[in-house]
Amino acid sequence: MIAVAKNVVIKKPIPVIMDCDPGHDDAIALVLAYASPEIEILAVTTSAGNQTIDKTTLNARKVLSFLGSDVPVARGASKPLFRELIIAPQVHGESGLDGPTLPEPRLPESPLSAVELAAKTLRESDRPVTLVPTGALTNVAALLLAHPELKHKIERISLMGGSASGGNWTPAAEFNILVDPEAAHLVFNSGIPVTMCGLDVTHQALVTRADTERFRAIGKRCSTMVAELMDFFVKFHEANFSFGGSPLHDPCAVAWLIDPTIFTTRKAHVDVECRGRLTVGATVADFSGKSGPMNVDLVTGLDLERFIDLLDGALRRLD
Ligand code: RIB
Ligand code: CA
C-alpha cells in the first residue's frame with residue numbers, strides 16, 4: 001500500500017494467476033480482471049471442463065489477444081487427476097465460446113505447462129500471488145503437489161465453484177468441483193485461504209437481457225464482444241432455468257477481489273465428497289466449525305446492482 005498524500009491511499013494491484021476453462025463466463029472474468037486497475041494478471045493457465053483443453057486454451061488465447069493483453073498463457077491438464085473428463089458443450093457450444101467470431105489469436109501458447117508457468121510466476125513475484133481458478137481445480141492441485149515449497153507465495157485462492165445449497169450438474173454437485181473432486185479436496189485442505197464463490201452467490205449474479213443491451217450500447221469492441229457472449233450464454237439458461245437472467249458465475253471470483261463489500265461472506269469449514277454415489281463432488285459446508293478449521297470465506301450473496309455496475313465500468317475502460 002502506498003500513501004501519496006494525507007488520507008489518500010493507492011493500493012497496489014492484486015497480482016493474480018487466472019486458471020480458466022473459457023467458457024463464456026470465464027471469458028468475461030478475464031475481461032473484468034484485465035480491465036480493472038485493482039488486478040494485475042501475471043499469467044493465465046487453462047483447464048479442461050467447459051470444453052476440451054485444446055478448445056479452452058485456444059479460447060483463452062483468442063480472448064486475451066482480442067483484449068490486447070500480452071500475458072503468458074499456458075495449457076493445463078487435459079483431464080482430471082483420477083477421472084475421465086466431462087465437458088459442457090450444451091452450455092458453451094462446440095467451440096466452448098460459441099457466439100462472437102473472434103480473430104485467430106496473436107498471443108502464442110507458452111512452451112511451459114500450466115504448472116511450470118504458475119511455479120515460475122510464483123517464484124518471480126515480489127509479492128504473494130492470488131490464484132483465481134474458474135474451472136476444475138486440477139491445475140491448482142497439481143501445482144500444490146509438485147511445488148509445496150511455493151505454497152507460501154500463494155496469498156489466497158479466490159475460486160468459482162461448489163455450493164452450500166445444492167448443485168447445478170447433479171443435485172449435489174456444482175460442475176467445476178464435480179469435474180475433479182479429488183483435486184478440489186486437496187485444494188480445500190491445503191491450508192491456503194479460500195474464497196468460495198459458489199452457486200450460493202452466482203445464482204444471484206443474474207445478468208438480464210436488459211443488462212446485455214446496456215453493455216452493447218457502450219458501443220465499443222470489447223463491450224460488443226461481451227454482449228455477444230451473453231447472447232449465446234443466455235440460451236442455455238433460459239431453456240433450463242427460470243432465474244430471470246443468466247448466472248455470471250466466474251466474474252464473481254474476480255469481483256470479490258476488486259470490491260469484497262459488494263458481497264456477503266461467511267466463514268465456514270468446507271470439504272469435498274469424493275466417494276458418494278449420489279453426492280460425489282458436493283462441497284459440504286459447516287458454519288459451526290465443529291468439523292474442522294474455518295478454511296473458507298464462503299460467499300453467500302451480493303449487491304447485484306453494484307456487480308453489474310462494476311462490469312459496466314470495466315467495459316467502458318476498454319476499447
Ligand atoms: O458451474 C459453473 C461453472 O462451471 C463455471 O465456472 C462455468 O464456466 C463452468 O466452468
Ligand atoms: Ca469456468
Side-chain angles (χ1 to χ4, degrees), residues 16-33 44-53 55-60 62-64 73 76-77 79-80 85-93 95-99 114 131-140 157-181 183-184 187 194-207 226 229-230 232-237 240-241 243 245-256 272 280-283 298-299:
V16 307
I17 297 173
M18 305 286 293
D19 182 62
C20 54
D21 61 337
H24 292 69
D25 52 332
D26 302 75
I28 298 171
L30 288 172
V31 171
L32 178 59
V44 174
T45 56
T46 58
S47 58
N50 281 329
Q51 259 296 353
T52 62
I53 194 67
K55 294 179 178 180
T56 60
T57 305
L58 176 60
N59 292 337
K62 282 186 173 182
V63 170
L64 290 161
V73 181
K79 65 181 293 293
L85 178 63
I86 54 176
I87 60 174
Q90 62 271 54
V91 184
H92 301 277
S95 73
L97 209 61
D98 283 17
L131 307 185
V132 185
T134 58
L137 291 167
T138 312
N139 295 334
V140 178
I157 299 170
S158 181
L159 63 85
M160 191 280 140
S163 171
S165 51
N168 62 353
W169 216 253
T170 72
E174 178 277 327
F175 180 78
N176 288 342
I177 307 299
L178 181 65
V179 170
D180 198 339
V187 168
V194 169
T195 297
M196 179 177 133
C197 296
L199 302 179
D200 316 281
V201 63
T202 69
H203 277 175
Q204 299 177 59
L206 299 172
V207 175
V226 166
L229 285 171
M230 291 307 303
F232 184 88
F233 194 54
V234 72
K235 293 175 184 175
F236 172 80
H237 292 93
N240 292 279
F241 298 93
F243 289 142
S246 298
L248 212 40
H249 303 285
D250 297 335
C252 289
V254 174
W256 190 89
V272 181
V280 64
T283 45
L298 198 152
V299 186

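Sequence positions, counted from 1, serve as the residue numbers for this chain. Every number for a ligand or one of its atoms is a count from 1 in the order of the listing.
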Starting from the Ca ion (ligand 2), count all protein N, O or S atoms within a radius below 3.0 Å.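 There are 5 of them.
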For the pair [X] (side chain) and [Y] (backbone), establish whether a donor and an acceptor sit closer than 3.5 Å, ignoring hydrogens and angles.
| X | Y | value |
| --- | --- | --- |
| Asp250 | Ile28 | no |
| Thr283 | Ser163 | yes |
| Asp200 | Ala164 | yes |
| Ser95 | Asp98 | yes |
| Asp21 | Asn50 | yes |

With a 4.0 angstrom cut-off on heavy atoms, strictly below it, pick out the residues next to ligand 1 and order them by chain and number.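 Contacting ligand 1 under 4.0 Å are Asp21, Asp25, Asp26, Asn50, Thr134, Met160, Asn168, Glu174, Phe175, Asn176, His249, Asp250.
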If I compare all heavy atoms of Ala77 with all of Thr138, which pair ends up nearest, and what's the gap?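 Looking at all heavy atoms of both residues, the closest pair is CB-CG2, 3.6 Å.
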Please tell me whether Ser47 and Asn139 have a donor and an acceptor in their side chains that are separated by less than 3.5 angstrom.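 Not at all, the side chains of Ser47 and Asn139 share no donor-acceptor pair under 3.5 Å.
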Ring centroid separation for Phe243 and His203, is it under 6.0 angstrom?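 So the answer is yes for these two rings.
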Atom NE2 in His249, atom CD in Glu174: separation rounded to 0.5 Å?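 Taking NE2 in His249 and CD in Glu174, the distance rounds to 7.5 Å.
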